[in-house]
Structure formats: structure tokens, C-alpha cells
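These notes are about the structure you will find just below.
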Amino acid sequence: MTKAVAAGDVRRARRLAAGGAVALLALVACTQRPTTSPQPGERTLAAIAPEAKADPLRAAAYDLIRSPERPQESLLWLRALAVSSVQAPSDSKLNQVLDCRQTGSGDCVFRLTQNSAEAVIVSRDELQKLRAVRGPLDVERLERYITWAARPESLTVRRPQPGHLEIHANLGPRSAILLRHDYDGPWRVEPPSVALREDPIGYLVLDPGELHGPLDIVLEAESAVWPFGGSSPADKEPPDTGKFPLISPEGVVDGSTFAGPPFPPGAVLSIFGKRFGETGNQLQIGGTQPEPLYESATQINFRLPQTLKPGSHELTVTTRGRAAEPYPIEVQP
Amino acid sequence: MRALLLLALAAAPLAAQNAAERVGFYQWVGVAPAGETDQLTAARRKTTELGLGVFRLYLGSRFDYVHPYLSAQRFEEAPDSALTPAAILQIPRYAAVLDDPALSTVVLTVYESRDYGGGPDDINLLRPWTDAEARMVDEQITALCRLLLERWGDQPKSVILANHEADEKLMEILQHSGGDLELARRNLVSWTNARQAAAARVREEYSDAALTILTAFEISMVHLRIARTAGRYQKTNIASGVTALEEIVPHIETDLISYSAYESVNSPYRTRVPDEPAAIESRLRRDLEQIRVAAGSSISQVGRKRFGNQFVFVGELGFPREKFEPLPFGGVLPRLETALRTALEWGAPFVVLWQAFDAPRLGAEGWGYGAFDSEGMPPSLQPSESGCASVASCVPEWLGH
């Protein structure tokens with residue numbers, strides 16, 4: 001249905017004002033089974049916590065959802081993460097954007113009407129056009145991502161044993177499979193012609209190339225990551241697998257405007273990616289070693305040297321002795 | 001106003017038909033009253049309790065009116081392998097809609113069922129159209145029509161087989177195919193014509209039946225256009241965009257056109273900001289007329305014979321109370337009354353109100369359309385001129401029921 005467009009929501013604002021400040025969203029585990037309780041296998045927010053925490057961007061989004069701030073952006077992330085329902089106190093911020101169905105304990109279950117499948121068929125052509133989501137508040141790219149991931153075809157995922165997934169799909173031409181598990185494996189895939197790609201929020205995309213029609217794929221998690229259907233890493237940090245830092249596709253942008261290259265010499269740039277260090281990252285470009293102005297696990301800011309010559313250069317980030325793949329950027333005359 | 005409405009209806013081509021028999025509710029995924037496990041039955045009962053004769057429902061494998069949308073538990077009671085529209089319609093809560101003597105017109109938003117690897121799903125028009133799709137559509141629509149005519153053929157009802165807003169599907173295909181308009185056009189036209197051909201063939205086999213099967217092609221955009229902006233295909237004011245009315249309708253045959261009328265009634269397309277309730281009349285009349293002119297050559301002989309030039313009905317019409325009630329210049333009721341009166345006066349054979357129960361909330365999208373709230377009660381609205389103060393009390397009054 002096409003929804004109406006209209007003025008602000010006065011009624012909702014009144015209700016919020018009457019209720020005072022939005023209480024901290026202390027999400028509780030979905031252990032009870034009231035009439036509104038989730039169905040077995042549902043992707044509740046509690047159930048997807050392990051996969052969310054496995055990636056810095058999704059972890060930041062998970063924290064945003066759990067915070068008392070930004071209900072609209074949190075809703076976008078609930079959609080991007082394909083969450084089916086959230087259980088939370090009745091005065092949570094989600095009351096502003098979703099229906100509360102009261103549970104026996106006085107909490108609410110907030111349910112989303114969307115395809116919350118663990119795996120869905122997506123367009124592999126359109127994947128190429130998506131750009132990495134740069135942070136939990138990068139709404140424009142997140143909305144494009146949600147549109148891409150919302151292609152409405154489901155497939156079957158079975159777990160005959162921990163660490164082992166069997167996927168059955170009937171693919172159309174130029175299709176791929178979005179599997180809502182962390183891209184970082186390592187994975188072993190059968191048939192090996194199926195390529196593993198990363199989507200803009202760090203989920204795994206199985207790209208069968210030109211194959212289409214009925215297709216069975218077996219995916220095995222190698223030992224360093226949590227096994228499907230086995231013990232969850234929800235309560236412990238992901239192990240340090242010693243992997244290399246990664247600059248996201250189109251992850252180097254102007255630090256204030258988010259514009260892409262080319263950049264003028266002296267511009268302050270932001271590098272978005274993953275597995276950077278909180279400190280001690282080393283940058284290299286055009287024979288210079290600019291100092292980071294800001295560092296975190298997913299973002300580094302730095303100033304392009306004024307002396308850099310116009311033309312193409314390769315930017316390298318080295319973290320804990322491991323260098324990211326060089327990233328090409330264009331410097332303006 | 002009520003006298004005017006009744007006067008207008010008396011002059012309409014379908015005057016022989018009681019106005020209330022031309023109006024009813026749609027129910028899709030909704031927030032039914034707490035404890036109500038079967039939204040379909042609850043919505044049907046609410047419709048007939050108000051004396052309305054039209055009811056619209058979704059007939060497909062994604063939602064069963066008992067479990068959440070796309071729930072793995074949906075249709076637990078149905079055979080595993082055959083969630084076709086005909087199989088679903090035989091489930092008692094669905095069959096009860098056709099059994100209900102108070103309903104003279106049932107609109108089925110029907111989607112054929114296909115398995116893409118995850119069990120029964122709606123047919124997906126993103127994939128290239130092949131003979132396999134054509135066969136599957138023909139088989140499932142044929143089976144549905146035969147079921148309707150064999151089981152309910154002696155009842156003087158109309159059953160309209162419709163799609164859901166073709167513009168949404170057009171946008172979806174463009175979105176996921178990287179803007180392949182030719183694919184979108186070919187798929188939507190082939191699909192619609194395959195459904196029409198199957199329905200027409202079975203209709204001829206049962207030419208003595210009292211029950212009439214009709215087809216409708218639903219659109220939602222008249223002036224707005226689908227165009228790529230900000231990296232996505234969206235509804236815009238960009239003149240170079242496309243609509244189903246222009247791209248698809250000229251190439252199909254159908255008995256009726258269904259118009260999902262939000263573009264006309266909720267806000268002017270240029271500003272997309274609500275204006276005075278009275279302005280709805282000229283916009284809706286203008287747009288219904290424009291659709292009639294654009295779709296004229298696509299209407300079947302059956303459609304022409306039964307409806308003449310009045311082959312455009314309003315498949316969805318509604319106003320979310322949380323958006324419109326706070327406005328300083330009239331809330332839901334004056335708008336709904338104007339839109340309903342205009343549509344019936346113009347000659348729309350049916351008007352379907354969205355919807356019996358509220359849609360689930362999802363952010364800033366409109367959701368408070370329900371005639372009944374989550375406690376099963378009509379939400380109070382600013383009173384109309386006559387003093388009625390809810391959709392549930394006003395609509396029967398306006399229709400003189």
C-alpha cells in the first residue's frame with residue numbers, strides 16, 4: 001500500500017511528553033513465552049546478538065538499537081539486520097515507531113512485518129552498485145541496502161551438524177544469496193565455484209556466478225569462528241584471528257562532506273573499514289607517512305600531505321604489522 | 001451531506017444496487033484485537049456487521065491471517081505441497097468469506113504460488129517470463145476459477161481477481177533488475193494476460209453460473225512517476241519517470257481497473273502536503289477520469305458489457321488518523337466522506353476502504369487506517385457534520401444503511 005505523506009505526529013508527541021523522558025532501552029532476553037512470544041527460529045534481536053557483535057559496524061548498530069536514542073535510525077537497522085521482533089520495556093523508544101504487544105510481564109514485544117529469513121535471494125548485479133555503509137547513522141546508504149536486501153524470495157537453510165550449513169535455492173538469472181552471517185570466515189564452500197563476497201554491512205553473499213536454477217550449497221565454518229547451531233559467542237569477544245585490516249569499498253571519503261575522490265592536497269580524509277587499531281595505525285601514501293588525526297577500529301582520519309603530487313596514489317593502512325590491501329585514490333592538481 | 005450522497009447515488013448507473021453493497025473493507029496484515037487469532041474472520045465480521053457488502057483479502061502463500069507475515073508456521077493446517085490459491089481458499093476461514101451471504105462482492109488480491117527454494121511463495125515477477133511461468137499461472141488461476149464456480153457457482157456474487165498495486169511491482173522489478181524496463185513490461189503484461197485468459201476460459205465453461213468472476217488490474221499512480229533518485233527507484237515528480245498506467249495498461253486486457261487512490265485523496269501530488277478536505281473531490285474526479293481515458297482500450301467485452309464506462313473502481317481508500325486528525329483543517333471523517341461520495345457519485349462500481357484493522361506501525365509510514373483498534377473498538381475521531389465520530393459509525397450512515 002502507498003502510505004500517506006503528511007504533517008508531524010502530534011498525538012505521538014503528546015504521548016511522549018506525557019510519559020516523560022524516554023527510558024533507557026534495557027532489552028531483556030526473550031525467555032518467556034507469552035502469547036506474543038517469538039516462534040522457534042525467529043530472528044529476534046536477542047537471537048541475532050552474536051552475529052551483530054561479530055562485526056564492528058553491526059556491533060555499533062546493535063548498540064544504537066539498545067540505546068535510548070534515535071528511534072528512526074534504530075528501526076532502519078532492525079530492518080537491515082532482518083530482525084523479526086524485539087522484546088523491551090513498554091516505555092522504550094521503540095514505542096515511537098512500532099506497535100507494542102504487551103507480554104505477561106508488562107514488557108512489550110515489538111514486531112516487524114518483513115522477511116526476516118536467515119538467507120534470501122538477492123540481485124548480484126545490484127550488489128556491485130551498493131557502497132559500504134560508513135557508520136550506524138549513514139542513513140542514505142543503509143536505505144539503499146535495505147531495498148536491495150528486501151528482495152522477497154526465501155530459500156531453505158538446514159543445519160545437519162554444528163558448523164555446517166546446507167542451503168537449497170532455486171535461483172533466477174543474475175541472482176546471489178545473502179546469508180545473514182558474518183563475512184569473515186574463514187568459510188569452506190561447496191561447490192567451490194561459488195564466490196564469497198561481503199555486503200555493505202558485513203554479511204556474507206554467496207555468488208554463484210552465471211549458475212541459476214536449483215542449486216545446493218554447503219558451507220562450513222572453519223574452526224576459528226563460532227559454529228552454526230553450536231555454542232554462541234554472544235557472551236564472549238570474537239577471537240583475535242590475526243586477520244588483516246580492511247579498507248571498505250569506497251571507504252575513503254572527504255572527512256567533512258563524505259564526498260569521494262578526487263581530493264585536493266591538504267584535505268582531511270576519513271578511512272572507513274574494519275580491524276584497524278584503536279591506536280598505532282600507520283598510513284602510507286605517495287612516499288609519505290601522514291599521522292592519523294583520529295583512530296578507531298572502524299575509522300581513521302588523516303590529512304593528505306600538501307606536497308602530494310596530482311594523480312593516482314595508493315593508500316596503505318598498516319595495523320599491528322599487517323597491511324591492508326592498497327587503496328587507490330586520486331589527488332587533484 | 002448525507003442527502004446529497006443519497007441523491008447522487010440515485011442518479012448513478014448502478015442505482016439498482018444498494019450503496020452499501022458497493023462499499024467494504026480490505027484486510028491485509030493488521031493489528032487485530034488482543035486475543036483475536038483469526039484476523040480474516042474478525043475483519044469479515046466487522047464488515048458485515050456494518051452492513052457493507054464488499055470485502056477484500058489477500059489470497060496467497062505469504063500470510064495466513066493467523067501467524068505473522070512470512071512466519072515459518074503459516075498454513076500449518078494446509079497440505080505441505082500445495083499452497084495454491086485454490087488450496088488456500090478451501091481453508092475454512094477463507095471459504096467462509098465466500099459462504100457469507102452478506103457479502104455480494106469479494107475482491108481477492110491473488111498471487112500464484114511458486115517455490116524458490118524456501119517453500120511456497122508468491123510468484124516473483126523479477127525473473128524472466130518463460131513458458132513455465134505461463135503454464136503455472138494458467139493452471140493455478142484455472143483451478144481457482146473452477147473451484148469458485150463449482151463450490152459457489154449458485155450464489156449471485158461477484159468475485160474479482162486482482163493484483164496489488166502494479167506500480168509497486170514495477171518499481172520492485174526496476175529496483176532489482178537495475179532498471180530493466182523491458183523486463184518489467186514483459187513480465188507484468190504476460191502475467192496479467194495469462195490470468196485474464198485463464199479466467200475468461202473458465203468463465204465460458206460455466207456460463208450459466210450465478211457467480212461472476214471478474215478480473216481487475218490495480219494501479220496506484222496517475223501523476224507521480226517512478227524514477228531513480230538517490231540510488232533507488234522511488235515515487236517522484238520527475239516527468240521522465242514511468243507508471244503502470246502508461247507502461248503496462250495499454251498492453252493488457254482486463255475486466256476492471258482498480259485504483260488504489262492515495263495519490264489522489266491523501267495529498268496533492270505536486271506538494272505531497274495535505275490540503276483542504278474539499279479539494280479531494282476535484283482531484284479524485286480528475287484522476288478517475290484520466291484513468292478511464294487511458295485504460296479504455298484495455299477493457300474486455302465482459303467488463304464493457306457489465307460496467308459500460310464505469311470500469312474503474314477504488315481498490316484502496318483510507319486516511320491514517322495519526323496523520324490527519326491533528327491537522328487544523330479537518331481530520332479523517334470530512335476527507336473520507338468527500339472521497340467516498342466522489343467515488344460513488346463518479347460511478348466507481350466498488351469502493352474498498354483500507355482497512356478494518358490498523359496496519360502494523362513501521363516508523364513514519366501511515367498506520368492508523370483501521371476502522372477498529374486493537375481492542376476491537378472504533379477509534380474516536382473529530383465528529384463529522386452529522387455528529388457521527390468514527391469510521392465505523394459514519395460510513396453506514398453516509399450510505400443510508
Side-chain angles (χ1 to χ4, degrees), chain A residues 1-12 35 39-42 71-72 75-76 79 84-85 97-99 101-102 111-117 119-123 125-126 129-131 140-141 143-144 147-148 151-157 167-175 214-215, chain B residues 28-29 31 34-35 62 67-73 115-119 121-122 124 126-128 164-165 167-168 172 175-178 220-221 230-232 235 260 262-263 266-267 272-274 316 318-327 354 358-367 374:
Chain A
M1 186 196 53
T2 308
K3 304 299 187 292
V5 283
D9 185 345
V10 173
R11 177 178 296 188
R12 197 176 295 160
T35 53
Q39 308 279 345
E42 255 193 63
Q72 294 292 350
L75 176 62
L76 284 178
R79 297 176 69 184
S84 60
S85 65
V97 291
L98 294 168
D99 296 306
R101 304 293 284 186
Q102 292 282 347
R111 182 170 288 285
L112 288 94
T113 299
Q114 63 176 348
N115 188 347
S116 298
V120 290
I121 298 173
V122 291
S123 163
D125 291 350
E126 292 301 297
K129 298 177 189 169
L130 294 175
R131 295 191 284 176
E140 186 179 328
R141 290 188 181 183
E143 286 183 332
R144 288 188 211 174
T147 301
W148 169 78
R151 178 168 152 162
E153 294 163 315
S154 298
L155 38 80
T156 299
V157 180
I167 298 163
H168 172 71
N170 187 354
L171 294 178
R174 302 191 301 277
S175 296
L215 182 64
Chain B
W28 164 238
V29 180
V31 182
R62 288 189 176 169
H67 298 93
Y69 176 69
L70 283 172
S71 162
Q73 281 71 41
D115 188 344
Y116 296 103
D121 199 352
D122 285 355
N124 186 344
L126 305 177
R127 300 185 179 213
H164 165 73
E165 298 180 359
D167 294 282
E168 292 290 321
E172 185 181 89
Q175 198 84 262
H176 294 290
S177 67
S220 61
M221 296 170 69
R232 290 185 295 156
K235 294 181 180 180
S260 180
Y262 303 97
E263 181 189 313
N266 290 47
S267 55
R272 306 186 85 171
V273 174
E316 281 190 31
F319 299 88
R321 59 184 182 278
E322 90 285 0
K323 302 278 189 191
F324 285 88
E325 281 296 280
L327 294 179
W354 178 275
D358 284 338
R361 288 165 60 193
L362 189 66
E365 291 183 5
W367 53 271
S374 59

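The sequence lines fix the lettering, A, B, ..., with proteins before strands; numbering per chain opens at 1.
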Pick one of side chain, backbone, both or neither for B:Gln175, based on which atoms fall under 4.5 Å of a heavy atom in chain A.
-> both
Heaviest contributor of heavy-atom pairs below 4.5 Å to chain B, chosen from A:Leu75, A:Thr113, A:Ile167, A:Asp99, is A:Asp99
Checked A:Ile121, A:Leu171, A:Leu215 vs chain B; the most non-hydrogen pairs under 4.5 Å come from A:Leu171
Does the distance from a Lys or Arg side-chain N to an Asp or Glu carboxylate O, for B:Arg321 and B:Asp358, drop under 4.0 Å?
-> yes
Quick one: what part of A:Asp125 sits under 4.5 Å from any heavy atom of chain B, side chain, backbone, both or neither?
-> neither
For A:Arg79, salt bridge (Lys or Arg N to Asp or Glu O under 4.0 Å) partners two or more places apart = none
Chain B contact via A:Glu126 - side chain, backbone, both or neither, heavy atoms under 4.5 Å | side chain
The single option from B:Trp354, B:Phe324, B:Tyr262 passing ring-ring contact (aromatic ring centres under 6.0 Å, His included) against B:Phe319 | B:Phe324
Output yes when B:Lys235 and B:Glu168 qualify as a salt bridge under the 4.0 Å nitrogen-oxygen rule, no when they do not.
-> yes
Against chain B, label A:Leu112 side chain, backbone, both or neither, depending on which of its atoms sit under 4.5 Å from a heavy atom there.
-> side chain
Tell me, side chain or backbone of B:Ser177 under 4.5 Å from chain A's heavy atoms, or both, or neither?
-> backbone
Residues at least two apart in sequence or cross-chain that pass side-chain contact (heavy atoms from CB on, under 4.5 Å) with A:Glu143, listed by chain then number, are A:Leu76, A:Val139, B:Arg232
Between the side chains of A:Asn115 and A:Ser154, is a donor N or O closer than 3.5 angstrom to an acceptor N or O?
-> yes
